[in-house]
Amino acid sequence: MTRSNDEVAARLSEMAELLSIGGGDPYRVRAYEKAARAVESYPLEVDELDARALDEIPAVGSHIAAKILQLASTGHLDELDELRAQVPAGLRSLLGVPGLGPKRARQIYDELHVTSLPELAEAVRAEQLRHLKGWGDKSEAHLGEVLRQYREAAGRMQLATALALAEELLGELASVPGVERATYAGSLRRRCETIGDIDLLVAAVDPVPVMDAFAACRLVAEVGARGSTKSVATTTTGVQVDLRVIPPEVFGAALVYFTGSKAHGIHLRRIAQRRGFKLSEYGLERVADGSVLASATEEQIYAALGLSYVPPPLREDTGEIEAAANGELPELVEVVDLRGDLHTHTTLSDGLATLEEMVAAARSRRYRYLGITDHAPLLAMQRVTAEKVLDQRRAVEALRRPDLELLHGSELNIQPDGSLDWDDDFLSGFDVLVASVHSAFQMSRDDMTKRLIRAVEHPSVNILGHPTGRSLGHRPAIECDWEAVFDAAARSGTALEVNSFPDRLDLPGELARLAQQHGAVLAISSDAHATRHLDHVALGAATAQRGWVRPDSVINTWPIGRLRRFLRKEWHP
DNA sequence: GCCGTTTTCGGCCCGACTGTTTTCAGTCG
């Protein structure tokens with residue numbers, strides 16, 4: 001929530017939600033939703049724009065422009081304040097529950113006076129919902145299951161949210177006099193897909209000015225506990241942040257300790273113990289005489305334990321310590337290795353940027369190639385037709401330049417039986433095809449496996465898009481025999497996507513690792529629906545790192561010639 | 001509330017799925 005656009009978009013979304021609960025004009029609700037999305041992904045800072053510049057934003061007209069101006073100058077919105085007064089606080093949180101829309105949220109409030117998630121869970125337990133009109137025991141039981149999953153995810157934020165928050169705080173702490181280093185540790189540094197709380201580490205001789213600056217940070221709402229080396233704060237967005245101030249000479253040891261994971265740390269300490277050492281957050285010591293072997297840097301500590309340096313995303317005790325001992329850690333793919341992006345959208349389907357804008361953004365990232373893969377017709381909410389797609393292909397041809405290869409493609413929909421949009425002849429006309437599951441997520445494991453294998457084996461399909469279909473904190477992964485799918489992908493020269501969208505990160509790291517072990521290749525893609533979304537590949541690359549993925553396993557690190565041969569299926573493992 | 005080779009009003013994303021119904025309402029993507 002550091003960008004003004006994110007804050008404005010959040011207010012516009014809240015307007016939409018409150019209007020929908022209040023039973024307002026659904027088209028007006030949608031107008032606010034669309035405007036929120038457009039603002040969120042707009043490349044310029046909206047609080048620096050005047051009325052005319054705001055009108056340039058798609059889906060923002062004169063009314064919403066005026067509201068953004070009011071927000072920018074006063075920090076609040078009259079109409080939103082009025083709506084908040086009309087709709088009970090807490091009722092909004094019910095809309096976040098999958099399966100509960102405005103109508104049912106309103107119904108539950110009106111008839112059962114439920115205004116919060118705990119009250120909703122209680123109503124489910126008391127079997128009150130099944131008596132409401134349109135409800136039965138099945139829908140009530142289903143809601144109970146959804147609520148259970150929802151509770152498990154609660155209190156954790158997405159990786160991207162935590163990164164932005166941590167970087168903002170570190171920016172303020174790094175400029176405090178006496179600070180030698182400032183970084184984040186914990187699950188955030190390991191690039192876990194969701195983050196519970198944020199751990200910050202600062203190297204400084206005197207902790208007092210650092211703690212003072214921390215308490216004064218714009219994003220810090222209150223400091224709950226403060227000791228001599230540690231402060232615990234809550235941010236304005238309700239996130240817990242632990243700050244530890246460490247003497248510079250033991251910073252490396254502290255970084256190892258607080259980066260974890262717990263299992264990785266235990267394993268390291270066991271190795272230290274066997275060698276007659278003791279490892280703690282203060283350093284690696286010889287037990288016999290208390291002499292310090294290493295403490296200032298992580299590299300020194302791993303080296304003193306006879307290990308090569310273990311990158312944080314690998315520190316889960318899933319074999320990385322053994323590999324480090326044998327000098328067999330993999331070279332990991334990095335975001336700078338990516339030469340292009342093979343899954344992006346434009347205004348032809350549900351993207352917010354035009355083809356020309358996406359191409360310009362790819363060029364400014366110095367990509368060598370870009371795949372344009374708008375949705376195909378079976379995703380009914382879009383209005384894509386074969387004619388529009390062919391028009392787009394001509395537009396792509398016209399934009400071709402030697403510095404940036406454009407690949408014309410589509411994101412197809414895998415039907416329950418594994419079939420795809422369009423016939424084989426039409427499909428063979430594309431340069432790159434992503435095939436994804438967008439519907440019927442609940443199938444038996446066997447049927448789902450057959451469905452995915454049929455799509456993966458289609459001669460024109462190049463990439464299986466967001467394979468598990470999960471939405472973090474919202475929808476679980478589909479049930480499937482992944483090893484069978486990965487084997488089929490390896491055989492047929494189809495890549496598995498590591499989708500970089502913050503609420504997907506799909507494949508997850510552990511499945512990406514399994515895919516690579518089965519000889520399949522991967523594609524790290526942004527799934528960008530706006531120019532700024534292209535940056536999300538940093539999250540995808542981090543997720544791939546957690547899966548031990550090497551650069552050579554990722555098709556969009558390859559030069560264009562090799563990539564084109566792969567896309568034409570002229571590639572054999 | 002937005003938007004316009006259907007232009008300043010009257011459209012606006014539409015088909016599938018689920019669970020409840022007996023013809024449909026609500027939700028989702």
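Just so we're clear, the structure is a prediction, and the values are computed from it rather than from any experiment. Quick note on labels: first sequence line is chain A, next is B, and so on, each numbered from 1.
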Pick base, sugar-phosphate or nothing for [X], based on heavy-atom distances below 4.0 Å to the nucleic acid.
X	answer
A:Ser439	nothing
A:Arg130	nothing
A:Asp55	nothing
A:Pro26	nothing
A:Val60	sugar-phosphate

When the [atom1] atoms of [N] and [M] are considered, how many whole Å apart are they?
N	M	atom1	answer
B:dC13	B:dG19	P	28 Å
B:dA25	B:dT20	C1'	9 Å
B:dT6	B:dG1	P	27 Å
B:dT27	B:dT21	P	16 Å
B:dC17	B:dT22	P	22 Å

In the structure shown, which nucleotide is the Watson-Crick or G-U wobble counterpart of B:dT8, with both distances under 3.5 Å? none
Euclidean distance, atom CD of residue A:Glu33 to atom P of B:dG29 [Å, nearest integer]: 12 Å
Measure from CD on A:Glu145 to C1' on B:dT18 and round the result to the nearest Å.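 Rounded to the whole Å, the gap is 16 Å.
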For [Y], is there an ion pair with [X] - N to carboxylate O distance below 4.0 angstrom?
X	Y	result
A:Arg546	A:Glu510	no
A:Asp341	A:Arg363	no
A:Arg11	A:Glu17	no
A:Glu111	A:Lys133	no

Do A:Arg37's NZ or CZ and the ring of A:Tyr32 fall within the cation-pi criteria of under 6.0 Å and 45°? no
Of A:Gly136 and A:Ala59, the one whose closest DNA chain B nucleotide lies more 5':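 Upstream on the strand: A:Ala59.
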Centroid under 5.5 Å and tilt under 30°, A:Trp135 to B:dT20: no
